Amino acid sequence: MDPAREAGRARLADFMQAAGRYAAERNFVRPGHDNVARISPWVQKRLLLESEVVAGVRAQWTFPATEKFIQEVYWRTYWKGWLEQSPAAWVRWTQAVPRLRDTLRGERRKAWEAACAGRAGIAGFDAWALELVGTGYLHNHARMWFASIWVFTLRLPWELGAAFFYEHLLDGDAASNTLSWRWVAGLQTAGKTYVARADNIAHYTEGRFSPETGQLATESFAIAEEPLPKAEAWMEDGLWTASEAGTGVGRTGLWLHPEDLAVELGELSGEKFAAVNAVWPKGIAARAGWGERVTGWTQRALEDGAVRAGAHFHAEVTQGVSDDLAADLVVWARIHNVRRVVAYRPFIGPWLDEGLAIERALAAAGVVVSWRRRAWDTQLFPHARRGYFPFWERVKKSLARPE
Ligand SMILES: Cc1cc2nc3c(=O)[nH]c(=O)nc-3n(C[C@H](O)[C@H](O)[C@H](O)COP(=O)(O)OP(=O)(O)OC[C@H]3O[C@@H](n4cnc5c(N)ncnc54)[C@H](O)[C@@H]3O)c2cc1C
């Protein structure tokens, strides 16, 4: 899997033929997974834009033929919008992981280690653990079964399962991963858990995996948590509109980060940037808990985005690795005489922490940071408050309107 926009486009183009069969075939977990798009690592880094993916399938297929696929693409937007409004779900998870890693003892610790090493002794589950670590990808249905077995059969903390995924998934996403694990564990939708069934696994793996009767838990149990603080009233937050802060103060630079690597398309594409900074902050992988493959892939994706951004804006691109990106951005701004830095605001997660540190350091040096959002996000995120289906109904209505 090449972490480049062109490779993502090629993957999407390959999938176009199969897109019309997606609804009927998507739940089957087959070697090679060519019944699903396998575009998530590119979409997660916005090497491919959700709008392009949806427009691409709509250009080739009727809406009813690809409704299911389009619906899945919007799940990502829904989760992201939901987490932006309930960041406590992310903060709690990040705090729980180190605590649980330190305190898990005895048999439970052994079970945790065996689960991550593909030695739990459960057909399918072990193969998926190895597939995840070996390839950085898992089919959606396998993710659901895996998470369910982790939580309800092995009775391991969901937070550690989410950390295992986040360490290895090339599409690892603060919102989709954390909230999907919460959903399986019954924390996301009140009274609803996901319990993997042996017959369902056997059917959808076409007999490749058949857990024995009695091997899987057949019932869920309730997991308690303090209610999350009420969603923030973010519609009143100025950040949700394109910020013009600092316009006219002098030369403007662009901070490029791996949550939006197609800056030459859309909202920022018409801006003038004197310089682009696409430096990799060295400590982020350890802070986020990414494994080597994820780190390497993301770093190379950033390089790919930087080359395209430099060519599009005819701007000098600064790349490399930094021990202290915030401090280095201050120096970079001075060198390039940049008085304002524009960036897409990272979503809740490790890149936002990085972005906020950068904002503080630049502000102290008198450089304005102007956060921007894509219209896709500003228009859709506000509606990701209740369940997915009201959200989807709204989207569907908007898709039915002529452009
Ligand atoms: C426990 C668990 C953890 C997950 N963690 C992640 C994660 O970290 N990052 C991530 O991108 N997805 C995650 N997903 C969602 C989903 O499994 C993947 O997006 C999907 O498997 C990616 O493969 P694909 O590109 O072939 O998807 P397709 O089925 O072909 O769908 C096309 C695109 O739609 C989006 N999409 C599809 N299903 C979902 C979904 N359920 N939720 C959100 N977006 C979706 C993705 O961008 C995907 O690339 C998780 C699901 C579960 C159950």
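Predicted, not measured: the structure shown is a model, and the values here were computed from it. Ligands are counted one by one from 1 in listed order, and the atoms in each one are counted from 1 as well.
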query = Is Lys110 salt-bridged to Glu107, cutoff N-O under 4.0 Å?
reply = yes
key: Atoms in ligand 1 flagged as close to Trp181, the criterion being non-hydrogen separation under 4.0 Å   = 1 (C)
ask   = Strictly under 4.0 Å, does any heavy atom of Val73 approach an atom of ligand 1?
value = yes
query = What is the nearest protein non-hydrogen atom to atom 45 (C) of ligand 1, stated with its residue, atom name and distance?
reply = Glu72 O, 3.4 Å
query = Which residue from Ala37, Ser40, Ala19 reaches closest to atom 49 (O) of ligand 1 through any of its heavy atoms?
reply = Ser40
key: Charged N-O contact under 4.0 Å between Arg372 and Glu271   = yes
note = Among non-hydrogen protein atoms, atom 47 (O) of ligand 1 lies closest to Val43 CG1, 3.8 Å
ask   = Using 4.0 Å as the upper bound for N to carboxylate O, is an ion pair formed by Arg76 and Glu72?
value = no
inquiry  = Measuring from atom 25 (O) of ligand 1, which candidate in Asp171, Ile39, Asn27 has the nearest non-hydrogen atom?
reply    = Ile39
inquiry  = Can you confirm, on distance only, whether ligand 1 has an N/O atom lying under 3.5 Å from any N/O atom belonging to Tyr22?
reply    = yes
query = Is it true that Glu159 and Arg101 have a side-chain N and a carboxylate O under 4.0 angstrom from each other?
reply = no
message = To check your reading of the model: name the closest protein heavy atom to atom 2 (C) of ligand 1, its residue, and the distance in Å.
response = Ser180 CB, 3.4 Å
task = Please examine the side chains of Ile358 and Leu325, heavy atoms only from C-beta on, and report whether any two atoms are closer than 4.5 Å.
result = yes
ask   = Is the Trp280 to Trp351 ring centre distance short of 6.0 Å?
value = yes
ask   = With a cut-off of 4.0 Å, which atoms of ligand 1 are near a heavy atom of Gly172?
value = 8 (O)
key: Sub-4.0 Å heavy-atom approach of Met144 to ligand 1   = yes
inquiry  = Suppose we measure from atom 50 (C) of ligand 1 to each protein heavy atom; which comes out shortest, and what is that distance?
reply    = Arg143 CD, 3.6 Å
task = Considering only NZ, NE, NH1 and NH2 on the basic side and carboxylate oxygens on the acidic side, decide whether Lys396 and Glu67 come within less than 4.0 Å.
result = yes
ask   = So does Arg334 have more than 12 non-hydrogen atoms from other groups sitting under 6.0 Å from CZ?
value = no
query = So which protein heavy atom does atom 40 (C) of ligand 1 come closest to, and at what separation?
reply = Trp75 CB, 3.9 Å
query = Of Arg76, His139, His33, Arg38, which has the heavy atom at the shortest distance from atom 44 (N) of ligand 1?
reply = Arg76
message = Between ligand 1 and Asp173, is the shortest N or O to N or O distance under 3.5 Å?
response = yes
query = Among Tyr137, Trp158, Phe69, Trp42, which residue places a heavy atom closest to atom 32 (C) of ligand 1?
reply = Phe69
query = Taking 4.0 angstrom as the limit, do Glu354 and Arg287 come out as a salt bridge?
reply = yes
ask   = When you check the gap from the basic side-chain N to the acidic O, do Asp173 and Lys80 get nearer than 4.0 Å?
value = yes
message = Check this for me, if you would: do Arg119 and Asp126 make a salt bridge, where the nitrogen-to-carboxylate-oxygen distance has to be below 4.0 angstrom?
response = no
ask   = For atom 27 (O) of ligand 1, is the nearest protein heavy atom closer than 4.0 Å?
value = no
key: Region of Asn140 that comes within reach of ligand 1 [heavy atoms, distance under 4.0 Å]   = both
key: Identity and distance of the protein heavy atom lying nearest atom 3 (C) of ligand 1   = Asn177 OD1, 3.5 Å
query = Hey, is Trp79 touching ligand 1 through its side chain, its backbone, both or neither, going by heavy atoms under 4.0 Å?
reply = side chain
request  = Take Trp371 and Tyr344 through the ring pair (Phe, Tyr, Trp, His ring centres under 6.0 Å) test and state the conclusion after the steps.
outcome  = CA-CA 6 Å; Trp371 295 121; Tyr344 281 121; over 10 Å; no
